Amino acid sequence: MATRVARPKRRLWLTPRQVNLLLEGLVLGALASGLASWLVPLSVARPVVIVHALCGLLLLVVAPFKVRGPVRSGFRRRQPGRWVSAGFGVLVVATVGVGMLHATGAWFGVGYWSALWTHQLFGFALLPLLVWHLLSRPVRPAGTDLDRRAVLTTGAAAAAAAVVLGVQESVVRAVGSAGAERAGTGSHAVGSFDPSTMPTVQWLDDVAPTDVEAGRWALTIAGAPVDVTALWDRRIEITARLDCTGGWFADQRWLGVPLADLLPADAEGRSIVVTSATGYRRRFPLADAADLHLAVGYEGRPLRRGHGAPVRLVAPDRRGPHWVKWVVDVAISDRPSWLQLPLPPT
């Protein structure tokens, strides 16, 4: 009589090890793409933001399998640090959830504290927990992890995340939600062509200087003092978008003078360093001088103090951190423009 040999049970999903590796990669991908969306030009930000959204949605697709496998096993074995791991997972889901609230326009935050700032705060809070998780539960990738089933199932999960993103965008547009008018960066329109309703925010611990009349403002360009009131007489109109990392953007008709017209004709160097009265500074390629402007007004009137009066930088196609307020110095440097932190620490 023939003996029936039991066939091994077919695996329909990823192994716990593969789930861990995929989730770690997605968290890293979400963090990297989120930061990259701040750094790339506005004109190419949309693909980066889409990758960021797909990483977040794919995390939600894969998370239940983490709970059913490694998480349940860890709690059953009373593994040390299991509650920290659980908190890490909850924070990941919360970060994605708040990002979706911002994207759909379902929640804007409280006052100037936006939903996107909450999303970003949660994201930065994930960093130490991610490092702890990688060190306490190391899983080194191996060639065997990238088998055919892993590729197919991960691809199917990614397709599901893309479908969810497409449905979300379609529903937002169909119901006329505020999220339908987002820029490529994901920011919402606030105060376009109406400076009185445009938010007044600054970078981290920057504090707006006390009111100073334009005629008494000390501005130096390439080592020479410049009368700010004279900039008003030389002004031209530049329509440009200020896109804040806090999740809003505003289009304005700025009144200013191109830096190329203010720098010496024989200026030599590699970069321009623009410094604020607060000590905040950003560095730009010297070749971009014609595209950068020192603005003294917008929509036919002078700047407000909270928006950088009496003179600020207008940097089209760059995110808000590059738009230096309360400019006191523009200098030529021999250092390359990339020789600075991607984002100022203060």
Side-chain angles (χ1 to χ4, degrees), residues 112 191 193-242 244 246 250-269 271-284 286 288-316 318-333 335 337 340 344-346:
Y112 280 150
F193 306 112
D194 184 7
S196 64
T197 60
M198 186 172 72
T200 55
V201 297
Q202 50 267 346
W203 186 254
L204 298 180
D205 61 347
D206 240 6
V207 178
T210 56
D211 285 320
V212 177
E213 294 180 5
R216 296 190 293 117
W217 187 260
L219 172 64
T220 303
I221 298 179
V226 174
D227 183 3
V228 174
T229 59
L231 298 181
W232 184 266
D233 298 329
R234 300 175 60 181
R235 70 191 185 277
I236 63 172
E237 184 177 281
I238 319 104
T239 300
R241 172 169 295 180
L242 172 54
C244 179
D251 295 323
Q252 306 293 355
R253 289 177 284 261
W254 303 89
L255 305 173
V257 182
L259 281 184
D261 294 350
L262 298 170
L263 294 172
D266 57 351
E268 294 183 357
S271 64
I272 305 168
V273 182
V274 182
T275 304
S276 167
T278 66
Y280 182 96
R281 60 172 52 89
R282 288 279 83 191
R283 188 182 296 269
F284 305 86
L286 180 59
D288 290 354
D291 298 322
L292 302 170
H293 300 75
L294 286 186
V296 291
Y298 42 22
E299 301 303 321
R301 51 189 182 272
L303 295 170
R304 294 168 57 191
R305 172 172 170 257
H307 293 154
V311 57
R312 72 168 301 156
L313 185 71
V314 169
R318 290 178 168 89
R319 296 299 295 273
H322 296 284
W323 290 53
V324 183
K325 295 180 179 180
W326 313 297
V327 175
V328 294
D329 185 65
V330 178
I332 305 298
S333 172
R335 296 184 177 183
S337 59
Q340 64 181 339
T346 180

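Predicted model, so just to flag it, every value in this text is computed and none were measured. Along the sequence shown, residues carry numbers from 1. Hydrogens, waters and symmetry mates are skipped; everything else that's a heavy atom, side chains included, is used.
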I need the Leu313 CG to Trp254 CH2 distance, nearest 0.5 Å. 10.5 Å

In a check of side chain to side chain donor-acceptor pair (under 3.5 Å) between Tyr298 and each of His307, Arg312, Gln252, which one passes? His307

Could you walk me through whether Leu294 and Ile221 pass the side-chain contact (heavy atoms from CB on, under 4.5 Å) check? CA-CA 11 Å; Leu294 286 186; Ile221 298 179; 3.8 Å; yes

Would you name the heavy atoms of Glu268 and Leu286 that are closest together and state the gap between them? C-CD2, 4.3 Å

At what distance, to the nearest 0.5 angstrom, does NE2 of His322 lie from CH2 of Trp203? 9.0 Å

Roughly how far, to the nearest 0.5 Å, is OG of Ser196 from CD of Glu299? 10.0 Å

Least distance between heavy atoms, Pro316 atom then Asp291 atom: CD-O, 3.2 Å

Start with the C-alpha distance between Trp232 and Leu255, add both sets of side-chain angles, then the distance that settles side-chain contact (heavy atoms from CB on, under 4.5 Å), and finish with yes or no. CA-CA 8 Å; Trp232 184 266; Leu255 305 173; 3.8 Å; yes

Minimum-distance pair of heavy atoms, taken over all atoms of Ala240 and Trp323: CB-CH2, 3.9 Å

Ser333 side chain to Ser271 main-chain N or O, any donor-acceptor pair under 3.5 Å? no

To the closest 0.5 Å, what do you measure between CG (Leu231) and NE2 (His293)? 12.5 Å

Pair Arg304-Thr200, side-chain donor/acceptor within less than 3.5 Å: no

With side chains defined as the heavy atoms from C-beta onward, is the minimum distance between Val274 and Leu292 less than 4.5 Å? no

Intermediate values then yes/no, side-chain contact (heavy atoms from CB on, under 4.5 Å), Arg234 and Val296: CA-CA 10 Å; Arg234 300 175 60 181; Val296 291; over 6 Å; no

Just by modelled atom types, is the Arg305 backbone N or O under 3.5 Å from a matching donor or acceptor in the Trp326 side chain? yes

Applying side-chain contact (heavy atoms from CB on, under 4.5 Å) to Leu259 and Phe284, what does each step give before you reach the verdict? CA-CA 11 Å; Leu259 281 184; Phe284 305 86; over 6 Å; no

Taken to the nearest 0.5 Å, the spacing of Ile272 CD1 from Arg281 CZ works out to 15.0 Å

Can you see which heavy atom on Gly320 is nearest to which on Leu242, and at what distance? CA-CD1, 3.9 Å

In Å, rounded to the nearest 0.5 Å, how long is the span from CD1 of Ile236 to CG of Asp261? 7.0 Å

Taking all heavy atoms of Pro209 and all of Trp217, pick out the closest pair and write down the distance. CG-CH2, 4.2 Å

Taking Ser276's backbone N and O only, do any of them form a donor-acceptor pair with Lys325's side chain (distance below 3.5 Å, no angle check)? no

So which heavy atom on Val314 is nearest to which on Ala295, and how close? CG2-CB, 3.5 Å

